[in-house]
Enquirer: 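Before anything else, here's the structure in question.
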Amino acid sequence: MIPILQTHNLYKTYQKDGVKVNALQGVSFQVQEGEFVSIVGRSGSGKSTLLNLIGGLDTASSGEIRVRDKNLTRMKRQELALHRRKTVGMIFQSFNLIPSRTALENVTLALAFGGMRRRDRRSKAVDILTRVGLSDRSDHKPGELSGGEAQRVAIARALANEPSILLADEPTGNLDSSTASEVVELLQTLNRGQGVTVLMVTHDEASASAVSHRLFRLLDGKIIDEKSLRGMP
């Protein structure tokens with residue numbers, strides 16, 4: 001079976017204050033469709049850099065990233081923009097919601113960028129917000145929501161255009177432990193109940209181990225360990 005995602009010998013270097021930084025050093029791994037895979041590591045290990053490359057927000061220095069049969073490392077700017085709109089859905093630690101828009105509007109805007117007709121957007125957005133347990137909070141702006149609710153809106157927005165892969169970058173980093181557990185459980189429900197492929201990067205190995213099929217440990221830009229935690233359903 002061809003993996004939905006694979007990286008091969010991936011490197012990323014950049015200059016910071018005149019010093020060369022090796023953010024990723026030969027990272028290779030695969031994700032199967034329907035898997036929940038976590039990459040854990042402390043701050044500075046290269047986790048977010050890796051997710052930004054897979055999400056098409058940055059470009060690799062060398063190596064290869066393939067999503068299905070497409071090679072991201074050979075894509076032009078317009079192709080990468082289409083990849084971000086259609087192929088991956090990204091969830092960020094800081095939510096990145098538009099503060100002046102309601103939860104519903106944040107999701108409908110994502111649908112608009114995805115090319116959905118105006119008349120279909122509202123009902124689709126309502127359906128997605130219901131999936132993440134926010135049907136009664138759709139008219140609230142981010143400032144009127146709790147941290148956990150705001151992250152659920154961010155997850156709904158990431159799901160809007162039915163991406164092949166959900167990319168979660170420290171999705172619980174700004175949440176208390178109880179709310180963080182709820183968000184991780186929601187990702188697990190989307191994965192196991194609805195078959196959404198999830199790739200999550202986090203420093204919280206305990207939470208990741210509880211929900212993931214496989215777990216990779218990243219240190220200084222290199223994968224140093226892989227754990228198989230449970231079989232695919």
Side-chain angles (χ1 to χ4, degrees), residues 36 38 43 47-48 51-52 54-57 81 83-204 206-208 210-212:
F36 194 129
S38 291
S43 179
K47 306 186 307 298
S48 293
L51 218 62
N52 286 340
I54 295 168
L57 296 174
H83 168 76
R84 292 192 295 270
R85 287 200 301 269
K86 294 287 190 179
T87 307
V88 295
M90 295 200 70
I91 305 163
F92 301 94
Q93 177 177 341
S94 55
F95 317 141
N96 286 7
L97 299 174
I98 300 173
S100 61
R101 302 291 185 100
T102 65
L104 185 69
E105 290 167 341
N106 269 277
V107 179
T108 55
L109 188 60
L111 292 168
F113 284 130
M116 178 172 283
R117 293 179 299 181
R118 180 186 294 270
R119 66 185 184 188
D120 298 328
R121 293 173 199 162
R122 182 180 177 86
S123 60
K124 175 74 170 180
V126 169
D127 286 345
I128 300 169
L129 286 168
T130 300
R131 287 172 65 187
V132 301
L134 284 180
S135 59
D136 61 338
R137 305 291 279 170
S138 62
D139 293 330
H140 290 69
K141 294 179 180 179
E144 301 168 330
L145 300 172
S146 68
E149 289 170 339
Q151 191 60 288
R152 285 174 180 263
V153 176
I155 292 171
R157 181 185 58 187
L159 291 169
N161 294 306
E162 300 180 1
S164 300
I165 308 170
L166 200 57
L167 303 175
D169 187 2
E170 295 281 7
T172 62
N174 284 342
L175 305 175
D176 62 75
S177 58
S178 176
T179 306
S181 295
E182 293 175 2
V183 168
V184 171
E185 287 172 6
L186 172 59
L187 293 175
Q188 183 184 43
T189 297
L190 293 169
N191 170 252
R192 299 188 184 177
Q194 302 177 31
V196 177
T197 303
V198 179
L199 177 62
M200 179 174 73
V201 302
T202 180
H203 65 276
D204 186 352
S207 293
V211 298
S212 303

Enquirer: For the atom pair CD (Q188) and CZ (F36), what is the distance rounded to the nearest 0.5 Å?
Expert: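 Between atom CD of Q188 and atom CZ of F36 there are 7.5 Å.
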Enquirer: Output a table of donor-acceptor pairs, distance under 3.5 Å, between side-chain atoms of residues 158-166 and any protein atom two or more places apart or on a different chain; print 'none' if there are none.
Expert:
residue: N161; atom: ND2; partner: A110; partner atom: O; Å: 3.0
residue: E162; atom: OE2; partner: K124; partner atom: NZ; Å: 2.7

Enquirer: T102 and H140: side-chain contact (heavy atoms from CB on, under 4.5 Å), yes or no, with the steps?
Expert: CA-CA 5 Å; T102 65; H140 290 69; over 6 Å; no
Enquirer: When L187 is tested against each of V196, V211, I91 for side-chain contact (heavy atoms from CB on, under 4.5 Å), which residue passes?
Expert: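 Option passing the side-chain contact (heavy atoms from CB on, under 4.5 Å) with L187: I91.
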Enquirer: Is V198 close to L190 at the side-chain level, that is, under 4.5 Å between some pair of heavy atoms?
Expert: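 Side-chain contact under 4.5 Å: no.
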Enquirer: Once you round to the nearest 0.5 Å, how far does CZ of F113 lie from OG1 of T108?
Expert: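 If we round to the nearest 0.5 Å, F113:CZ and T108:OG1 are 10.5 Å apart.
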Enquirer: Is any side-chain heavy atom of N106 less than 4.5 Å from a side-chain heavy atom of K141?
Expert: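 No, too far: nothing below the 4.5 Å cut-off.
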Enquirer: Looking only at heavy atoms, what is the nearest atom pair of L175 and P171, with distance?
Expert: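 Heavy atoms only, the tightest pair is CD1-O, 3.8 Å.
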Enquirer: Nearest 0.5 Å please: distance from the CG atom of L199 over to the CG atom of N191.
Expert: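 It is 11.5 Å, given to the nearest 0.5 Å.
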Enquirer: Can you name the nearest heavy-atom pair linking L129 to A156, along with the distance?
Expert: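 For L129 and A156, the tightest heavy-atom pair comes out as CD2-CB, 3.8 Å.
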Enquirer: Measuring from R121:CZ to E105:CD, what's the distance to the nearest 0.5 Å?
Expert: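 Reported value, rounded in 0.5 Å steps: 12.0 Å.
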Enquirer: Heavy atoms only: give me the nearest L145-A150 pair and the separation to one decimal.
Expert: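 That closest heavy-atom pairing would be CB-N, 4.1 Å.
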Enquirer: Please, which pairs that meet salt bridge (Lys or Arg N to Asp or Glu O under 4.0 Å) have at least one residue in residues 144-156, sequence neighbours excluded?
Expert: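 Found R137-E149.
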Enquirer: Which residue pairs satisfy the side chain to side chain donor-acceptor pair (under 3.5 Å) criterion with at least one member in residues 86-96, sequence neighbours excluded?
Expert: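 Sorted result for residues 86-96: Q93-N174, S94-N96.
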Enquirer: Between V183 and Q151, which heavy-atom pair has the shortest distance, and what is it?
Expert: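 Nearest heavy atoms, V183 then Q151: CG1-CG, 4.0 Å.
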Enquirer: At their closest point, which heavy atom of A125 faces which heavy atom of L104, and how far apart are they?
Expert: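 Looks like CB-CD1, 3.5 Å.
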Enquirer: Measure the spacing between CZ of F92 and CG of L51 and express it to the nearest 0.5 Å.
Expert: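 It is 8.5 Å, given to the nearest 0.5 Å.
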Enquirer: Please tell me if the side chains of S48 and D169 come closer than 4.5 Å, counting only heavy atoms from C-beta onward.
Expert: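 Yes, at least one pair of side-chain atoms sits under 4.5 Å.
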Enquirer: Please check this pair: side chain of S181 against backbone of S177, looking for a donor-acceptor N/O pair closer than 3.5 Å.
Expert: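 Yes.
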Enquirer: So with a 6.0 Å cut-off around CZ of R84, is the heavy-atom count from everything else above 12?
Expert: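 Count over threshold, so yes.
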Enquirer: Mind checking salt bridge (charged side-chain N to carboxylate O under 4.0 Å, His left out) for E182 and listing every partner two or more places apart, or none if nothing turns up?
Expert: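 Salt bridge (charged side-chain N to carboxylate O under 4.0 Å, His left out) check on E182 returns nothing, list empty.
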Enquirer: Return each pair, listed once, that meets side chain to side chain donor-acceptor pair (under 3.5 Å) where at least one residue sits in residues 194-204; pairs must be two or more places apart or across chains.
Expert: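 Those involving residues 194-204 are R131-Q194, E170-H203, D204-S207.
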Enquirer: Does the pair S212 and S38 meet the rule for a side-chain hydrogen bond (donor to acceptor under 3.5 Å, both in side chains), with working shown?
Expert: CA-CA 6 Å; S212 303; S38 291; 2.6 Å; yes
Enquirer: What residues form a salt bridge (charged side-chain N to carboxylate O under 4.0 Å, His left out) with D176, not counting sequence neighbours?
Expert: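 Here no residue qualifies.
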